[in-house]
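The block underneath contains the structure these notes are about, expressed in structure tokens.
Sequence lines set the chain letters: A, B, ... in the order given, protein chains first and strands last, and positions in each chain run from 1.
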2 protein chains.
Amino acid sequence: MQDFDLYLPTHIVFGKGRVNELGKLVAGKGERVLITYGGGSVVKSGLLDAVKAQLSDFTVFEFGGIEPNPKIGTLKKAIELCRREKIDFIVAVGGGSVIDGTKCISAGTFYEGDAWDLMYDSSKIGRTLPFYAVLTLAATGSEYDNSGVISNPDTDEKLFLAAPNLFPAASIMDPTYTFTVPAWHTAAGAADIMSHTFEQYFVKEGNELTDGMCEAMLRTVIKYAPEAIRHPDDYEARAQLMMASSFGCCGILSIGRSGSAWPCHGIEHEISAYTDITHGAGLAIITPHWMRWSLTPETAPRFAQYGVRVWGLDPAGDPMETAKKAIDLTADFFRSIGLPAKLSDLQVTDEHFEAMADHVLKHWFPLEGAFRPLDKEGILAILRASL
Amino acid sequence: MQDFDLYLPTHIVFGKGRVNELGKLVAGKGERVLITYGGGSVVKSGLLDAVKAQLSDFTVFEFGGIEPNPKIGTLKKAIELCRREKIDFIVAVGGGSVIDGTKCISAGTFYEGDAWDLMYDSSKIGRTLPFYAVLTLAATGSEYDNSGVISNPDTDEKLFLAAPNLFPAASIMDPTYTFTVPAWHTAAGAADIMSHTFEQYFVKEGNELTDGMCEAMLRTVIKYAPEAIRHPDDYEARAQLMMASSFGCCGILSIGRSGSAWPCHGIEHEISAYTDITHGAGLAIITPHWMRWSLTPETAPRFAQYGVRVWGLDPAGDPMETAKKAIDLTADFFRSIGLPAKLSDLQVTDEHFEAMADHVLKHWFPLEGAFRPLDKEGILAILRASL
């Protein structure tokens with residue numbers, strides 16, 4: 001068993017209508033609050049009004065327009081606003097992009113240099129602005145972790161920041177807010193949750209406890225994502241996906257396991273840095289090809305365990321054959337929920353593959369620690385197979 | 001899916017030698033620290049010295065002698081000490097009894113009335129003294145939860161206190177500290193971890209995610225408890241048990257599930273209130289009889305699922321038969337690790353059964369919400385079957 005730390009200070013408040021507890025949660029936390037959000041969907045749905053109603057004791061500022069794959073230029077404007085208006089805390093209303101962006105705002109407000117520096121070196125993060133989240137999409141797990149992924153279109157970079165004080169103080173999770181999420185983003189969110197789990201499950205050393213947690217995460221998403229797509233207002237399906245999303249990146253799935261290099265995320269972030277495609281869709285394309293590339297006699301038993309415990313394959317089968325079937329089932333599943341099979345389906349070409357591979361090796365976790373150690377040739381092989 | 005809150009602010013620091021990070025964890029938290037512990041084992045093992053070496057910048061006080069099933073009279077002396085010496089924080093060095101007792105000290109220090117009041121009404125808990133834990137036994141999960149169970153020999157009561165600010169600030173978990181735990185307490189700790197899991201698994205409404213977590217908890221203990229008993233210094237086995245212990249009572253196994261009444265704990269606390277037997281041993285006796293009493297055509301499918309997923313029984317079997325086999329396997333397992341099968345093996349008689357049943361109904365969670373609703377006759381039936 002590997003040593004580990006586990007630290008999850010966010011208070012999860014889960015259930016229908018629980019936004020009505022926001023006022024109680026933030027009472028006494030200051031006087032001036034910034035609400036951050038993305039496009040207009042939270043305005044249209046009335047959620048923004050519900051949040052504001054909970055903040056009637058505060059001076060409220062708003063900052064909308066945080067985009068998918070949130071951009072540093074946009075976030076710098078919010079940082080300026082927080083400094084100028086002496087904001088005491090932020091309430092992020094949205095999905096992973098809004099919450100990730102809010103983490104950058106939170107850390108950037110007290111950082112004197114260029115906020116983009118924090119993406120190169122999280123150790124520069126000092127004091128942060130407290131923030132709360134009201135979640136509207138089951139996907140990234142940003143509502144229950146301390147990291148965020150930010151894009152810089154000027155440099156074609158998509159990098160992350162992380163710090164122990166970048167957890168939301170509390171996250172309100174009401175599955176009904178995800179009823180209006182379209183099929184595409186529901187499917188992409190499901191792929192994101194599954195990918196977070198795969199990245200931590202497929203490592204050199206596992207253990208029974210977290211193997212079992214990961215397998216339960218995967219069974220949950222495989223069961224409920226199709227139901228949520230078929231019946232967008234099925235509370236049970238939406239709730240199951242939302243609950244699962246929170247455990248994807250918080251660290252609990254990794255306790256005691258050998259380190260993960262998160263290879264599929266490293267590669268996908270490069271693709272969406274260059275092309276702005278939906279992160280979960282990129283993951284759904286990359287993942288089966290990463291699996292096929294990583295399948296060796298050494299790694300086959302774990303892929304086979306995945307096949308048996310998640311897909312119900314015969315435990316008596318040959319591990320290599322079971323592993324191959326499990327990988328095919330994974331690819332079939334992503335297609336069955338409407339996700340693309342090839343990068344070219346999303347108009348991605350091989351133009352930047354070399355630069356993407358170089359970037360992964362430069363900015364991502366060391367990939368020699370991956371399930372199957374990964375070098376530039378390996379990254380290029382996976383990218384080309386995904387095209 | 002049921003609404004839930006999840007709040008786990010304790011920082012888990014897990015691994016060999018990580019007590020050497022205690023000084024860094026408590027830096028700046030005050031000037032005067034109390035170390036609490038139980039019998040002399042932490043003195044003999046050198047752990048107390050290792051803890052003190054980390055606290056060289058502080059004025060250190062010691063309070064030893066917190067007993068198994070910690071007694072309110074003992075704890076009141078520590079509360080007096082904390083008030084008199086103006087203690088800033090506590091470091092609890094021990095197992096569940098020491099950490100539970102420390103929670104009572106933490107809450108009692110700032111409570112002006114009789115500290116035993118807090119056991120009747122946790123809402124009276126206001127400010128608490130911060131505390132840290134250095135764990136020496138894998139069992140109760142007190143290192144990662146906000147509740148403690150305290151005994152009052154004067155009234156034959158064993159009750160609990162709980163509050164959101166009664167989590168340890170950090171818990172240092174070094175599996176090597178459990179190498180010297182004797183077989184009896186290793187087995188009783190294993191039964192305690194399993195019982196915590198059963199209490200939350202056997203409820204009316206589950207879900208795939210936490211079903212899977214519970215099943216993984218149980219498989220972990222069933223695999224590693226016998227190994228830890230056979231080879232007391234097997235790091236892997238000790239580490240697996242210690243990791244599992246922390247998730248038993250923190251609430252994560254219950255998210256989204258219908259409420260548990262924790263019936264076996266309610267009954268066992270009464271037995272050990274009257275007789276001071278080892279909690280885990282009492283649970284190992286009670287649990288299979290509670291299972292048999294709770295097995296009905298309505299509850300059989302969940303017991304059968306337990307049999308299939310934890311004990312590897314045939315999924316095609318008749319649910320009632322599979323359930324019965326799973327319960328027998330549970331009882332056999334407890335005996336195989338050296339735990340008793342009958343209360344009379346621990347010199348417990350039926351003398352107080354009526355009073356115990358009355359106490360459970362008066363002080364415990366409402367048992368009409370149990371997996372099979374439980375009334376006085378049910379409690380007595382389980383107690384008599386366990387004799």
| query | So what's closer than 4.5 Å to chain B heavy atoms on A:Leu218: side chain, backbone, both or neither? | reply | neither
| task | Decide whether B:Glu236 and B:Tyr224 meet the rule of one side-chain donor and one side-chain acceptor closer than 3.5 Å. | result | no
| task | Decide, yes or no, whether a salt bridge links B:Lys325 with B:Asp314 under the criterion of side-chain N to carboxylate O below 4.0 Å. | result | no
| said: Less than 4.5 Å to any heavy atom of chain B: does that hold for the side chain of A:Thr220, its backbone, both, or neither? | reply: both
| remark: One option among B:Asp211, B:Thr210, B:Ile252, B:Asp174 has the most heavy-atom pairs under 4.5 Å with chain A, and it is B:Ile252
| message | Does any backbone or side-chain atom of A:Tyr235 lie under 4.5 Å from a heavy atom of chain B? Answer side chain, backbone, both or neither. | response | side chain
| For A:Lys204, does the NZ atom have more than 12 heavy-atom neighbours from other residues, nucleotides or ligands under 6.0 Å away? | yes
| query | Contact part of B:Tyr144 toward chain A, heavy-atom cut-off under 4.5 Å: side chain, backbone, both or neither? | reply | side chain
| field | B:Ser260 versus B:Gln200, side-chain donor and acceptor atoms under 3.5 Å | value | no
| request: Mind telling me whether A:Phe4 and B:Phe14 have parallel, tilted or perpendicular rings, with 30° and 60° as the class edges? | output: parallel
| task | Sort out for me which of B:Met243, B:Met217, B:Arg309, B:Met213 touches chain A most, counting heavy-atom pairs under 4.5 Å. | result | B:Met243
| A:Arg302 to A:Phe202 six-membered ring, cation-pi geometry met (6.0 Å, 45°) | no
| said: Can you see whether A:Ser245 engages A:Glu143 through a side-chain donor-acceptor pair at a distance of less than 3.5 angstrom? | reply: yes
| query | Is it the side chain or the backbone of A:Lys223 that comes within 4.5 Å of chain B heavy atoms, both, or neither? | reply | neither
| Quick one: of B:Lys16, B:Met173, B:Glu208, B:Glu215, who has the most non-hydrogen atom pairs under 4.5 Å with chain A? | B:Glu208
| task | Count the heavy-atom pairs under 4.5 Å between each of B:Ala244, B:Ala170, B:Gly212, B:Cys214 and chain A, then report the option with the highest count. | result | B:Gly212
